[in-house]
Amino acid sequence: MAVNSPLSAQNLSFLHSLQIPRNFAVPCLCKAPENGHRKPGNSFRICLCKTLESPQARGPVSQRTPSSTLISDSSVSNGTGAAEPSRGEKFLQRQMAMAVIDKTKKKKKKVEKSRVLNSALVCCYGCGAPLQVEEEDAPGYVNPETYELKKRHHQLRTVLCRRCKLLSHGHMITAVGGNGGYSGGKQFISAEELREKLSHLRHEKVLIVKLVDIVDFNGSFLARIRDLAGANPIILVITKVDLLPKGTDMNCIGDWVVEATMKKKLNVMSIHLTSSKSLVGISGVASEIQKEKKGRDVYILGSANVGKSAFINALLKMMAQRDPIAAAARKFKPMQSAVPGTTLGPIQIDAFQGGKLFDTPGVHLHHRQAAVVHSEDLPSLAPQSRLKGHTLPALDVKSSNQEGDGSLNGISIFWGGLVRIDVIKVLPQTRLTLYGPKALKVHVVPTSKADEFYHKELGVALTPPSSPEKVKDWPGLQMVRHLQIKLADLKRPACDIAISGLGWIAVEPMSSIIEHEVIESVSKENYGELHFDVHVPKPVEIFVRSPLPVGKAGGEWYEFQELTDKEDESRPKLYI
């Protein structure tokens, strides 16, 4: 209902000064439904309320104080006779009170918005570290003159910090210390602080793209992924499949990965076998992200040095062929280097419409070999080319094991200075094949002379550590784990002994060249168990897992499981 009553000349003049039309009406905010002000539901009727000022504030409008115009539910009075305010006066008082409230709210919102803008730090697009001009050796450092120039032209988000420029030229500059970080170099941030930067993800609705290194599947899988991802859906990306030995059947590898992932009981929607270097499988991941993101932000998660930045660069390259937004994002892509811990903060990338793509800091794990070696020795842990197994059959060690029977029994195998395997009891035809970086040399000596050989050759023939100076700070092979492996089938490898952050050792109880009749003739009493002692630095974990079917032989002995329709539907989709 509109205000149609005649107004006095004084009130009419006041209305004109406020530029409010005489027939303007406002919703009633009265909370008394018994007076008939409220319609059914939550809508309000246009009406006029009771007196808005206290009885002490009555009188001519020109004599009232500003405080008398405030809305007060506790001081409402109808008044009688000449003391009762006109409907026009009530309307003006309500309008003035609402204008004051609106002005206060707008001012508060403006202050809060300015605080958010002021607290937002501009970060290096290469590593995600906040830009700074004070400490030259620290991440995020920019020359002060360059910083001021870019700031004046609003181009700080196009700046690459000094550390990223050095990393792009091959310099090994680590920045992460603490539990899971690195012992060499100047440290600027702890591994715990990097992990804390990802803790908010479990409370948000996002799409997680989780990366796992096939060479270090168990060590890079992130056992505590639920603490980061929460209940969010996960697209599992297996990286570096181009490093697997020649002749490997990817169908067997994919089935092996699905079986291993099912045991983790995660919300994995699909699994992709990829190579960022050759772009194998990248287009399938791009299509899956566009299909499943549904307006959500996409976060790339993974352990340190798993290849997140390389994957994002390959993903943008693939998406840029069809999407101009991704093509523009390639100009300022994350820094890619061999140093674990290159990315120090979340990096936002405008790669597509409806949501953002974020590169995240690698999760540093204390149980990997990278956490114990010196920063200068880190490149020796990363395979640079296709893996080629180093096999140790009995004939290869006969000359080294003069005290034994010509088999692997009684010998010790050194894998650089990082791993020592003592063979206690195996079959005469047992073979061990080591898969890992070529930079780590393999040495075989009798177990009786292993301690003397280790102390003499550490830092010389056994590297890393790569120099006598680094040997002084080397913790040594403090942890010894006894492995007792039961044999069930002589026709296939018994298991893999995986060293976290390094590679794995395939244990083959009988050589594949042995005739079938010879295998059948071996009694179960003779091959019941295999015994090994594995020595590693104290934090490093050792995993005994089902054998990974690599090489041509892997495709021959690997057996696919028969699944029911229900079991097949519950498995994540596999893309090869």
Side-chain angles (χ1 to χ4, degrees), residues 109 112-113 115-117 119-121 123 125 128 157 192-212 220-239 258 261-272 274 281-304 306-309 311-316 318-319 322-323 325-326 328-329 333-334 343-363 569-575:
K109 288 182 179 179
E112 291 178 352
K113 185 176 181 181
R115 288 177 180 174
V116 172
L117 293 176
S119 63
L121 297 176
C123 300
Y125 73 82
R157 297 192 181 277
E192 292 80 2
E193 290 175 316
L194 282 186
R195 191 180 184 99
E196 186 62 27
K197 291 183 178 183
L198 305 175
S199 60
H200 69 283
L201 294 181
R202 63 178 179 267
H203 305 299
E204 300 181 9
K205 292 183 178 181
V206 298
L207 177 62
I208 302 295
V209 179
K210 173 179 165 52
L211 271 59
V212 178
S220 65
F221 198 92
L222 299 182
R224 295 168 54 192
I225 184 62
R226 289 190 189 90
D227 296 344
L228 299 177
N232 289 308
I234 298 174
I235 297 176
L236 185 63
V237 176
I238 309 299
T239 63
V258 172
T261 304
M262 290 289 290
K263 298 177 182 178
K264 306 289 184 180
K265 297 182 180 180
L266 298 173
N267 185 21
V268 177
M269 305 174 62
S270 60
I271 298 176
H272 303 256
T274 68
I282 301 298
S283 60
V285 181
S287 299
E288 189 75 2
I289 290 176
Q290 293 287 5
K291 175 184 175 183
E292 299 294 343
K293 67 185 183 68
K294 301 175 181 178
R296 296 173 292 190
D297 291 335
V298 180
Y299 282 80
I300 311 297
L301 296 186
S303 63
V306 77
K308 293 183 300 299
S309 297
F311 168 77
I312 290 178
N313 292 339
L315 185 67
L316 292 176
M318 186 63 64
M319 294 172 59
R322 299 182 179 180
D323 191 346
I325 298 179
K333 55 189 178 182
T343 304
L344 301 177
I347 302 176
Q348 177 180 314
I349 305 171
D350 298 328
F352 35 65
Q353 293 181 346
K356 306 293 183 182
L357 179 68
F358 287 88
D359 186 12
T360 62
V363 179
E569 291 178 359
S570 63
R571 290 160 61 96
K573 298 178 182 178
L574 175 64
Y575 294 88

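What you see is a predicted model, and the numbers here were worked out from it, not measured in a lab.
- For Thr360, the side-chain contact (heavy atoms from CB on, under 4.5 Å) partners at least two apart in sequence or on another chain are Leu198, Tyr299, Leu301, Lys308.
- Take Asn313 and apply the side-chain hydrogen bond (donor to acceptor under 3.5 Å, both in side chains) test, not counting sequence neighbours, and it matches Gln336.
- Looking at residues two or more places apart in sequence or on another chain, you find a side-chain hydrogen bond (donor to acceptor under 3.5 Å, both in side chains) between Ser270 and His272, Glu288.
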What pairs of donor and acceptor atoms, side-chain ones from residues 225-232 against any protein atom, are under 3.5 angstrom apart with sequence neighbours left out?
unit_1	atom_1	unit_2	atom_2	d
Arg226	NH2	Lys264	O	2.7
Arg226	NH2	Lys265	O	2.8
Asp227	OD2	Arg224	NE	3.1
Asn232	OD1	Val206	N	3.2
Asn232	ND2	Leu201	O	3.1
Asn232	ND2	Glu204	O	3.0
Asn232	ND2	Ala229	O	3.0

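- Minimum interatomic distance between Leu222 and Ser303 (heavy atoms only, all atoms of both residues): CD2-CB, 4.0 Å.
- From Leu574, atom CG reaches atom CD1 of Ile271 across 6.5 Å, with rounding to the nearest 0.5 Å.
- No donor-acceptor distance shorter than 3.5 angstrom exists from the side chain of Thr239 to the backbone of Thr274, with no hydrogens or angles considered.
- With contacts defined as side-chain heavy-atom distances shorter than 4.5 Å, the pair Ile300/Phe358 does not qualify.
- Here Lys333 contributes atom NZ and Ile347 contributes atom CD1; the two are 13.0 Å apart, rounded to the nearest 0.5 Å.
- The side-chain contact (heavy atoms from CB on, under 4.5 Å) check on Tyr125 picks up Leu160, Phe332, with sequence neighbours excluded.
- Listed here is the closest heavy atom pair of Ala351 and Ala329: CA-CB, 4.5 Å.
- We find the CZ-CG distance between Phe221 and Leu211 to be 11.5 Å, quoted to the nearest 0.5 Å.
- Residues forming a side-chain hydrogen bond (donor to acceptor under 3.5 Å, both in side chains) with Lys356 (at least two apart in sequence, or on another chain): Asp350.
- In this structure the side chain of Phe311 reaches within 4.5 angstrom of the side chain of Val209, judged on heavy atoms.
- Within the 4.5 Å cutoff, the side chain of Lys294 has heavy atoms near those of the Glu292 side chain.
- Put simply, the side chain of Arg296 gets close to the backbone of Lys293: a donor and an acceptor are under 3.5 Å apart.
- Ile289 contributes atom CD1, which lies 5.0 Å from atom CG of Leu315 (distance to the nearest 0.5 angstrom).
- Ser309 has its side chain within reach of Asp359: a pair of non-hydrogen atoms, C-beta onward, lies under 4.5 Å apart.
- How far CD1 of Ile235 is from NZ of Lys573: 11.0 Å, rounded to the nearest 0.5 Å.
- Residues Met262 and Arg571 are in side-chain contact: their nearest non-hydrogen atoms beyond the backbone lie under 4.5 Å apart.
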Exercise for the section: Please lay out, stage by stage, how Val285 and Tyr575 fare under the test side chain to side chain contact (heavy atoms under 4.5 Å, CB included). Expected result: CA-CA 9 Å; Val285 181; Tyr575 294 88; over 6 Å; no
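- Rounded to the nearest 0.5 angstrom, Ile325 CD1 and Leu357 CG are separated by 12.5 Å.
- Residues Pro572 and Leu236 fail the side-chain proximity criterion, which asks for heavy atoms closer than 4.5 Å.
- Residues passing the side-chain hydrogen bond (donor to acceptor under 3.5 Å, both in side chains) test with Ser199 are Glu196, sequence neighbours excluded.
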Exercise for the section: Could you give me the CA-CA distance, side-chain angles and deciding distance for Met319 and Ser283, then say whether side chain to side chain contact (heavy atoms under 4.5 Å, CB included) is met? Expected result: CA-CA 8 Å; Met319 294 172 59; Ser283 60; over 6 Å; no
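- The shortest side-chain heavy-atom distance between Pro334 and Ile349 falls under the 4.5 Å cut-off.
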